[in-house]
**Q** 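This structure is in structure tokens; I'll ask about it shortly.
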Amino acid sequence: VGEPGMPAWRSISLWMDQLDDPLVARPSLEHDLDVNVAIIGAGYTGLWTAYYLKRQAPELKIAIIEAQTAGFGASGRNGGWLMGNLLGEDRLLAELAPQHRRASFDLLHGIPDEVAQVLAREGIDCDYRKGGALYCAARYPEQEGSLRRYLDKLYAQGLTEDDYRWLSPQQLAEQVRIAKPYGGIYAPHVATINPAKLVRGLARAVENLGVTIYENSPVTHWQSGGLRTAKASVRAAWVVPAVEGYANTLPPLGRYQLPVQSLIVATEPLPASTWADIGLSQGQAFGESSRQVTYGQRTADNRLVFGARGGYQFAGQLRHNFDLTDSEVELRRYLFGELFPQLKKARITHSWGGNLGMSRRFRPHMLCDHNTGVALSGGYGGEGVGATNLGGRTLADLILGRDTLLTQQPWVIREGGLKALKPWEPEPCRWLGYNAIIRSFVHEDQVLANPNTAPWRRKLATGIAGFMEGFMH
């Protein structure tokens, strides 16, 4: 339930439920404004952009217009991985010269440390723990081969064991003990957090810098030069639509960024004896290596938070009801129970989900068009907790006309505006393609998870899933 007279924002996720501050709405936009920068959305992208703009150009007048409350979207619902990565970074950086590629990887890997500096500067406590991430081959032997091939690819791009390191089953067990370990990859540049504490803390930080946030103020129309809500208009030299998974609410953004859903569960706080069996004592994130994403962490109050797989609704419709069904909860229980059999009967106290943005070819973008005064960053594909910090820093430099390492990256678009983005195909092509790909992934997983499956069937299932995966890019 929410606070008296307020929407039930606290029930959005475990993270929002753990907030100490009252979820009282900020004032809505009631009068016309004239500002330098109007930002749509008080999630990570909008708040980070405002933060870095104000730090570098405190004279700017900036307003953030939020449909609900800060953290209502993916920023308050995600799995709590603060990654020093960007979706598809290996593909995006493949064509760069070796020294430039190394500098780009270092830029990405430094994201958690940059965030940590802001947390210290602004006094934000979000349960930050930089314990790295463990990508585990944990359910069938083919996972070891795919992880080793991925690691070889990273090393071929100039990365080293300081960036990603192979762990034998024995070395993996020093950090996490899973039922069927085949080994894994350790990446040090990942932290875990309570994401709602971060987004709420950032909102207070930008307000302290002089940014005004208007809540309960859905934007009904936007264009170059301004935006409108039901009650007021905003004129602005720059408009930053920072809506990610809610792009289809602001045409024409929905052509370029589709909402997909991620679903998560959390157990009750588990006893110290259980965690002594499992590990994860340093705040490590972990994932099981399959084509469908699984991820988890041990929270600061000793729960297991676990997310797996997702969904897509026909015509890119938003999912609004995230009261997970019994089958949705039990699928995630089954998957984490395969990793940690001692948790198969653990009580699940929270289940939730959210909409996140996926761009065509799974390519993140940071775009700035000085001709129209429009700047945006998105397409994070589920890796947005860290990528939004990079996006906010990058948009700030682009808007201010600064030529920096941030603005020289291959995911930055300087010309062509929105038309430079690759649009998604019309329906029913998207729906049919999504379901064909996901079914091939599910079939592969079922075949490989059965140790009695004949070798030829295992090879065939993997070949079909790999072929279908190629269509995604």
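Just so you know, these numbers come straight off a predicted model, no measurement behind them.
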**Q** Answer yes if the side chains of Trp81 and Gln297 hold a donor-acceptor pair under 3.5 Å, and no otherwise.
**A**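 There is no such pair (donor and acceptor under 3.5 Å, judged by atom type) between the side chains of Trp81 and Gln297.
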**Q** Atom CG of Leu82 and atom OH of Tyr128: how far apart are they, to the nearest 0.5 Å?
**A**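 These two atoms lie 6.0 Å from each other.
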**Q** Do Leu339 and Phe306 come close enough that some side-chain heavy atom pair is under 4.5 Å?
**A**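 The answer is yes; the side chains approach within 4.5 Å.
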**Q** Verify whether one side chain among Tyr164 and His189 offers a donor that lies under 3.5 Å from an acceptor in the other.
**A**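 Their side chains do contain a donor-acceptor pair, which is all the 3.5 Å distance test asks for.
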**Q** May I ask you to check whether Gln282 and Gln175 show a side-chain donor-acceptor distance below 3.5 Å?
**A**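 No, no side-chain donor-acceptor contact under 3.5 Å.
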**Q** Check whether the ring centres of Tyr51 and Tyr44 lie less than 6.0 Å apart, and answer yes or no.
**A**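 Ring-ring flag for Tyr51/Tyr44: false, centres at least 6.0 Å apart.
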**Q** Suppose we screen for side chain to side chain donor-acceptor pair (under 3.5 Å). Which residues come up paired with Glu30, at least two apart in sequence or across chains?
**A**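 Glu30: side chain to side chain donor-acceptor pair (under 3.5 Å) contacts with Ser28, Lys231.
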**Q** Go through the side-chain N and O atoms of Asn435 and Arg439 and say whether any donor and acceptor fall under 3.5 Å apart.
**A**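 Short answer, no.
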**Q** Before accepting this row, confirm whether a basic side-chain N of the pair Lys197/Asp125 lies closer than 4.0 Å to the acidic partner's carboxylate O.
**A**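 Here Lys197 does not pair with Asp125 in a salt bridge, since their nearest N and O are not under 4.0 Å apart.
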**Q** Go through the side-chain N and O atoms of Ser262 and Tyr295 and say whether any donor and acceptor fall under 3.5 Å apart.
**A**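 Side chains of Ser262 and Tyr295: pair found under 3.5 Å.
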**Q** Under the rule for side-chain contact (heavy atoms from CB on, under 4.5 Å), what residues qualify as partners of Arg347, not counting sequence neighbours?
**A**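 side-chain contact (heavy atoms from CB on, under 4.5 Å) list for Arg347, sorted by chain: Glu268, Thr349.
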**Q** Give a yes-or-no answer on whether the side chains of Asn85 and Glu383 include a donor-acceptor pair shorter than 3.5 Å.
**A**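 Checked: Asn85/Glu383 side chains show no N/O donor-acceptor pair below 3.5 Å.
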**Q** Should Trp431 and Tyr312 count as side-chain neighbours, where that means a heavy-atom distance under 4.5 Å?
**A**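 Heavy-atom side-chain distance check passes, below 4.5 Å.
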**Q** Are Thr388 and Ser377 packed together at the side-chain level, in the sense that at least one heavy-atom pair is separated by less than 4.5 angstrom?
**A**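 In short, these two side chains do not touch, never coming nearer than 4.5 Å.
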**Q** Any non-hydrogen side-chain atom of Ile213 less than 4.5 Å from a side-chain atom of Glu215?
**A**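 They are in side-chain contact.
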**Q** What residues form a side chain to side chain donor-acceptor pair (under 3.5 Å) with Asn194, not counting sequence neighbours?
**A**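 Partners of Asn194 under the side chain to side chain donor-acceptor pair (under 3.5 Å) test: Gln18.
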**Q** Cationic tip of Arg148 within the cone over Trp166's six-membered ring, i.e. under 6.0 Å and within 45° of the normal?
**A**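 That pair qualifies as a cation-pi contact.
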**Q** Under 3.5 Å, side chain of Arg458 to main-chain N/O of Leu448, donor-acceptor pair present?
**A**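 Flag set: sc Arg458 to bb Leu448 pair under 3.5 Å.
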**Q** For the CG atom on Asp152, are there more than 12 heavy atoms of other groups (residues, nucleotides or ligands in this structure) within a distance under 6.0 Å?
**A**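 Enclosed: over 12 neighbouring heavy atoms sit under 6.0 Å from CG of Asp152.
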**Q** Tell me the closest heavy-atom pair linking Leu390 and Met366, and the distance in Å.
**A**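 Closest approach of Leu390 to Met366: CD2-CE, 3.7 Å.
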**Q** Under 3.5 Å, is there a donor on one side chain and an acceptor on the other for Arg298 and Ser281?
**A**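 Judged by distance alone, the side chains do not pair up.
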